[in-house]
Protein chains: 2
Amino acid sequence: MKALTTDDCDRNDVYAAACPCRDMLDLLANKWSALAIGALEDGPVRFGVLKNQLQGISPKVLSSTLRKLEEHGLVDRTVFAEVPLHVEYSLTPLGKSAGAPLAHLRDWVEENMTSPV
Amino acid sequence: MKALTTDDCDRNDVYAAACPCRDMLDLLANKWSALAIGALEDGPVRFGVLKNQLQGISPKVLSSTLRKLEEHGLVDRTVFAEVPLHVEYSLTPLGKSAGAPLAHLRDWVEENMTSPV
DNA sequence: GACAGTAGTACCCATTGGGTACTATGGACG
DNA sequence: CGTCCATAGTACCCAATGGGTACTACTGTC
């Protein structure tokens with residue numbers, strides 16, 4: 001993955017291959033990302049709880065999903081060095097703002113599958 | 001992919017692994033699907049035009065993306081048996097209604113990448 | 001006959017998605 | 001002292017998918 005900056009395109013345009021916002025679209029336009037961000041909207045959630053909430057996700061995939069979200073500044077990871085050790089994931093302000101469009105998407109899906117033909 | 005029906009879950013819930021709406025979420029929560037549906041919002045578009053508009057997509061990936069959208073009833077494929085033969089893709093009513101949440105998502109991405117750190 | 005424009009498909013490969021089993025840590029239990 | 005629990009991942013492996021390039025098919029035009 002090349003390191004792109006906004007200089008690579010005049011204006012942010014998801015239809016432009018070189019635009020860095022493609023990376024962000026690719027990140028968010030993903031089943032697990034959309035579900036994870038939704039699950040974090042009500043406040044910090046621990047790894048194990050997320051794993052139960054996102055039914056069917058494996059720990060490895062959850063781990064990599066969260067890491068990608070963290071790298072893009074959408075999620076914060078906080079370690080509590082207690083016993084037993086636990087970790088809380090929470091949305092950054094940016095992550096919170098991304099929650100709205102993703103919630104629309106999840107809602108649309110749920111509302112438009114009532115009659116799956 | 002198993003053939004699931006809404007009977008597999010009490011209510012449509014994207015967080016339930018067995019819910020058929022997972023398939024739909026997986027389909028829509030995808031970079032190319034989100035871009036393709038956006039590109040079709042202004043009316044029918046031909047294969048080659050789509051290929052140019054979705055910069056960076058290869059014909060194979062575009063073809064499979066459109067086929068999946070068609071299978072899920074979001075897109076119609078119309079062949080014009082003229083010379084040279086051409087094909088128009090257009091949104092079904094369901095596809096049109098899916099356009100709104102996806103537009104929100106694309107807009108959010110473009111508006112929140114102005115300062116890519 | 002060669003070439004152009006249409007919409008794909010065939011073939012191949014690298015990347016990723018994904019599952020299962022395992023690690024590390026420390027406390028409670030017996 | 002050994003075992004089991006809980007925590008949050010990682011290691012390892014495999015299959016599916018994403019993706020690129022080259023090619024096909026059809027017909028009209030030059």
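Every chain is numbered from 1, with letters handed out A, B, ... down the list of sequences. Remember, it's a predicted structure, so these values are computed and weren't measured experimentally. Only heavy atoms go into these numbers, but all of them, side chains included; no hydrogens, no water, no symmetry mates.
- The CG atom of A:Leu62 sits 10 Å away from the C1' atom of D:dA8 (whole-angstrom rounding).
- Note on A:Lys31: every side-chain N or O is 4.0 Å or more away from OP1 and OP2 of D:dT17.
- Spacing between atom CD of B:Glu88 and atom P of C:dA7 amounts to 9 Å, rounded to whole angstrom units.
- Contacts of residues 45-60 of chain B with DNA chain D (heavy atom under 4.0 Å): B:Gly56, B:Ser58, B:Pro59, B:Lys60.
- For the pair A:Val61 and B:His86, both in contact range of DNA chain C, the more 5′-proximal nearest nucleotide belongs to B:His86.
- By the side chain to side chain donor-acceptor pair (under 3.5 Å) test, A:Tyr89 is found to be paired with A:Arg77, residues two or more places apart in sequence or in another chain being considered.
- Checking the phosphate oxygens (OP1, OP2) of D:dG19, a side-chain nitrogen or oxygen of B:Trp32 falls inside 4.0 Å.
- Partners of B:Ser58 by side chain to side chain donor-acceptor pair (under 3.5 Å), not counting sequence neighbours: none found.
- Judged by closest nucleotide on DNA chain C, A:Lys68 is the one of A:Lys68 and A:Pro84 placed further toward the 5' end.
- Using a 4.0 Å heavy-atom distance criterion, B:Tyr89 is classed as a sugar-phosphate-only contact.
- Side-chain contact check for A:Leu54 versus A:Thr65: every heavy-atom pair is 4.5 Å or farther apart.
- Atom-to-atom distance recorded for B:Ser33:OG and B:Leu66:CG is 9.0 Å, nearest 0.5 angstrom.
- With sequence neighbours left out, B:His104 forms a side chain to side chain donor-acceptor pair (under 3.5 Å) with A:His104.
- In this structure, A:Arg22 atom CZ and D:dG18 atom C1' are separated by 14 Å, rounded to whole Å.
- Residue pairs meeting the salt bridge (charged side-chain N to carboxylate O under 4.0 Å, His left out) criterion with at least one partner in residues 57-71 of chain B, sequence neighbours excluded, are absent.
- The distance from atom CZ of B:Arg77 to atom P of C:dA7 is 10 Å, rounded to the nearest whole Å.
- In this structure, the helix from C:dG1-D:dC30 to C:dG30-D:dC1 shows an angle of 30° between the axis at its start and the axis at its end, each fitted on 5 base pairs and rounded to 10°.
- OP1 or OP2 of C:dA7 has not a single side-chain nitrogen or oxygen of B:Arg67 nearer than 4.0 Å.
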